[in-house]
Amino acid sequence: MDDTTTLRARDFWSALVLLALSLFFLWRTSFIPLFGANRAGVSGADWYNSAAIVPFGIFGALLVLSLVLLTISIRSGGARYALTAAGIGWNGAEAWRFGTLALILFFYIAGLVPRVDFILSSGLLITALIFGYHGGHPRRMILATGAVGLPGLYAMAMHLPQSEWKAHDDDIVTLAAWLLLTLWALAFHHTDRVVRVIPWIAVLAPLILVCAMAFGFRQNVPNRGGLIFSQIEYHYYVTLRPLWRR
Amino acid sequence: MDFLFTQLSGFAGAFAGLVADPLTYLYLIGSVFLGITFGALPGLTATLAVTILTGFFGNKIPLDYSLIALLGAYVGAIYGGSYPSILLNIPGTAASAATAMDGYPLAKAGRGGEALGLTTTASFIGTLIGTLALLIFVWVLLLISQNIASPEKALLALFGILLSGTLMSEDLVIKGWIAGLIGLAMAMVGLDPLLSEPRYTFGWSYMMSGFQVVPVLMGAFAIPQIIDGMRHADPGQLLALKGRIVPSLSALRRYLPTIGRSGVIGTGVGALPGVGADVAGWVSYGVGKTVSTEGHKFGKGSLDGLLSSETANNACIGGALIPLLVLGIPGSPPAAALMGAFKINNVIPGPTIDPEIILRVVAILVLASFTMFLMGLFTARIFIRILRIPKTVFLPVVMVLTTLGSFSVGGGINDLYLMLGVGFVAYFMHLLRYPIAPLVIGVILGGLFDETFRRSLLISDGDLSVFVSRPGATILLALNIALILAQIPAIKRQFSRLRRKTA
């Protein structure tokens, strides 16, 4: 099957999704007053000043374009191939690679970054991504996903609400996962030059970036009270800074 | 003549101010180096370089240094894309796709050094041509743009989105328009600009302020690149760089007409709202193939072909800044990222922009192009070594940098959730061959479109003739309609039939 047929089969699905989305948002737009309304006793505006007018135009246009895309797709045989492997898109290996990667990114952003020290979570992420995806070995990908997923899940399960984000037990779990993954990588794959470089990149990159951001550019960084960064920050202000302030 | 003299003296003042500050060099050298590195590493783009630096520097350093860093990275990254194009046959950035057609055969024939040296010089001259155009035309257009009212602004914003959708689509044009509409729809989230009516917030207070530009930029441009880069292993064999890099004067003289022509084309294409350096490179390559005496050699290792695309993509930088600074409409995806940087620094590009900022932008571009030229000629071998780093090693670090940048500008975890969500959506759009740039341009211009469109109707009491009663608005409306009609198959067929008849 050629590329265009494959693409049209996928267009069939994307047109359906866009169609559903535009209909949903047209319905939601109908909640916004269009022909004037009373707000806190003040008479609302006319149709031409309504906050709904532009969204109606946008979602109306999206509806029309998704219908056009659907028509193009059906005419080019997209509907016929929509349920075949080509229409759905990936083979098993590709789906596996994307799926594990998506899980790692999800657990990093949603689980670790808000709750765990940024240097620890980023060090773990870098180790997992380089070890897991360099060379494309499926077993390494699973191991990498587990290494990020488990501390991510632990952090989310034990400290879901924002009021509990400052707890440090998930920092310890993340540090343990990072150390175990690094030791595993070095023990079983030490002949690989890239694997030998991983610990250096995983420690230095987040450390330098966070310190440059926080102390050089005075930007906000995630989780200032984290296990490692809180110590760096304390010693920067209490031990180091007075040296050049004197 | 007086006008040109005033411009040049203003530029000289800004230039002297920057040159006298030692910190300028620090930011300049660092950012151009980073830019070339980003351009040279396949999988990282100029847009990503500017986006990440926007997040990294945010609004915590003075605007001048921020601009030096961003523009330095922009200039460096567009040029840096030529390294993998020539030595690996993989375009480092989309802007260098045409470069690979001739660059790789030249390197295979042992002329890599000559190709790289001429590319460096052509990129330098191209950037200067674009910058000169920026210095001259921005003022003329600024004078005109001061007479632009809400109807023209609304139609211009729409034109920018439609044009970028039309020209950036690899597949069907309507996919570009759909991407633009999705961006516009995203811009509708939050309180509306005139009545403060909440729209699509679903009761989430974070949504009240709408989608922030930096997380959207990071999500749309960085996450798909990272996922795509990690999913596909490194292909390609790096060729050894043979021959002298510093070009000879005779070779330079021979290709000067090509460089001049491509510089003008690149600037012109760049000045079109929403169209990037990749389009500029291909258009110039196409024109070069038609007018060059060695057009038949294009694609087989022609220096003329190589310089056509490489000059144009760098000249596009100055061109892309014209609509950004004059109208507040980004001329290219990296310019869209630059607009994000302006916004977080409370600078509103457009007719009301401080003229001093424009002069400083011009001075920075000149300095950045000089830095790029010197680095390209004398430290090229360092960048070639960087090319050996596998994607799987540097992309995880980019992910950390992206996360840190997105968090720092917004200062909240919600921005990271937004970044990840937009990133996954953008990745699937990229897989389905929807262009991402129109989406981002839609997000950036959506607020302007909504506000100016409704303000026009408010002033005219709902009379739609406001969009045809002013000459500027009429022209822009006609352009918008023509752009849409030109893509309808039946009309396309009629046009080609008419063309055949007249021929």
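Since this is a predicted model, take the numbers as computed values, not measurements. We name chains A, B, ... by the order of the sequence lines, and we start the count at 1 in each one.
Using a 4.5 Å cut-off on side-chain heavy atoms (C-beta onward), A:I201 and B:V393 make contact. Taking the side chain as every heavy atom from C-beta outward, A:L7 and B:E170 never approach each other to under 4.5 Å. For the pair A:I109/B:M399, a side-chain contact is recorded, criterion being any heavy-atom separation below 4.5 Å from C-beta on. Counting heavy atoms from C-beta on, the side chains of A:S14 and B:F428 never come closer than 4.5 Å.
In this structure, B:D171 pairs ionically with A:R8, as a charged nitrogen and a carboxylate oxygen lie closer than 4.0 Å. Using a 4.0 Å cut-off between charged side-chain N and carboxylate O, A:D11 and B:R433 make no salt bridge.
Atom CH2 of A:W165 has more than 12 neighbouring heavy atoms from other residues, nucleotides or ligands inside a 6.0 Å radius.
Contact of A:V194 with chain B is made through the side chain alone, with heavy-atom distances under 4.5 Å. Residue B:F394 does not touch chain A at all, counting heavy-atom pairs closer than 4.5 Å. Looking at B:L420, the atoms closer than 4.5 Å to chain A (heavy atoms on both sides) all sit in the side chain, from C-beta outward. For A:A205, the part sitting under 4.5 Å from any heavy atom of chain B is the side chain, from C-beta outward, and nothing else. Heavy-atom distances place no part of B:M429 under 4.5 Å from chain A, backbone and side chain included. In this structure, no portion of A:I198 lies under 4.5 Å from any heavy atom of chain B. A:I53 touches chain B through its side chain: at least one heavy atom from C-beta onward sits under 4.5 Å away, while N, CA, C and O do not.
Aromatic ring centres of A:F98 and B:Y427 lie closer together than 6.0 Å.
Interface remark: of the candidates B:V400, B:L416, B:L401, B:I227, B:V400 forms the most heavy-atom pairs closer than 4.5 Å to chain A.
In this structure, CD1 on B:I174 lies 8.5 Å from OG1 on A:T71, to the nearest 0.5 angstrom.
In this structure, the side-chain contact (heavy atoms from CB on, under 4.5 Å) partners of A:P161, at least two apart in sequence or on a different chain, are A:S163, A:E164.
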Donor-acceptor contacts under 3.5 Å from residues 114-132 of chain A side chains, at least two apart:
from: A:R115; atom 1: NE; to: A:H159; atom 2: O; distance (Å): 2.7
from: A:R115; atom 1: NH1; to: A:A110; atom 2: O; distance (Å): 2.7
from: A:R115; atom 1: NH1; to: A:G111; atom 2: O; distance (Å): 3.1
from: A:R115; atom 1: NH2; to: A:L160; atom 2: O; distance (Å): 3.1
from: A:D117; atom 1: OD1; to: A:I119; atom 2: N; distance (Å): 2.9
from: A:D117; atom 1: OD1; to: A:L120; atom 2: N; distance (Å): 3.2
from: A:D117; atom 1: OD2; to: A:L227; atom 2: N; distance (Å): 3.4
from: A:D117; atom 1: OD2; to: A:I228; atom 2: N; distance (Å): 3.0
from: A:D117; atom 1: OD2; to: A:F229; atom 2: N; distance (Å): 2.7
from: A:S121; atom 1: OG; to: A:D117; atom 2: O; distance (Å): 3.1
from: A:S121; atom 1: OG; to: A:F118; atom 2: O; distance (Å): 3.3
from: A:S122; atom 1: OG; to: A:Y108; atom 2: OH; distance (Å): 3.0
from: A:S122; atom 1: OG; to: A:F118; atom 2: O; distance (Å): 2.8
from: A:T127; atom 1: OG1; to: A:G123; atom 2: O; distance (Å): 2.7
from: A:T127; atom 1: OG1; to: A:W178; atom 2: NE1; distance (Å): 2.9

Donor-acceptor contacts, no H, no angles, side chain residues 179-195 of chain B, under 3.5 Å, sequence neighbours left out:
from: B:D192; atom 1: OD1; to: B:L195; atom 2: N; distance (Å): 3.4
from: B:D192; atom 1: OD1; to: B:S196; atom 2: N; distance (Å): 3.0
from: B:D192; atom 1: OD1; to: B:E197; atom 2: N; distance (Å): 2.6
from: B:D192; atom 1: OD2; to: B:L194; atom 2: N; distance (Å): 3.1
from: B:D192; atom 1: OD2; to: B:L195; atom 2: N; distance (Å): 3.1
from: B:D192; atom 1: OD2; to: B:R454; atom 2: NH1; distance (Å): 2.8
from: B:D192; atom 1: OD2; to: B:R454; atom 2: NH2; distance (Å): 2.7

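Listed here is the closest heavy atom pair of A:M213 and B:S408: CE-OG, 3.2 Å. Heavy-atom minimum distance, A:L69 versus B:L172: CD1-CD1, 3.7 Å.
Among the residues in residues 200-207 of chain B, those with a non-hydrogen atom closer than 4.5 angstrom to a non-hydrogen atom of chain A are B:Y200, B:F202.
Counting only N and O atoms by type, the side chains of A:Y48 and B:D463 include no donor and acceptor under 3.5 Å apart.
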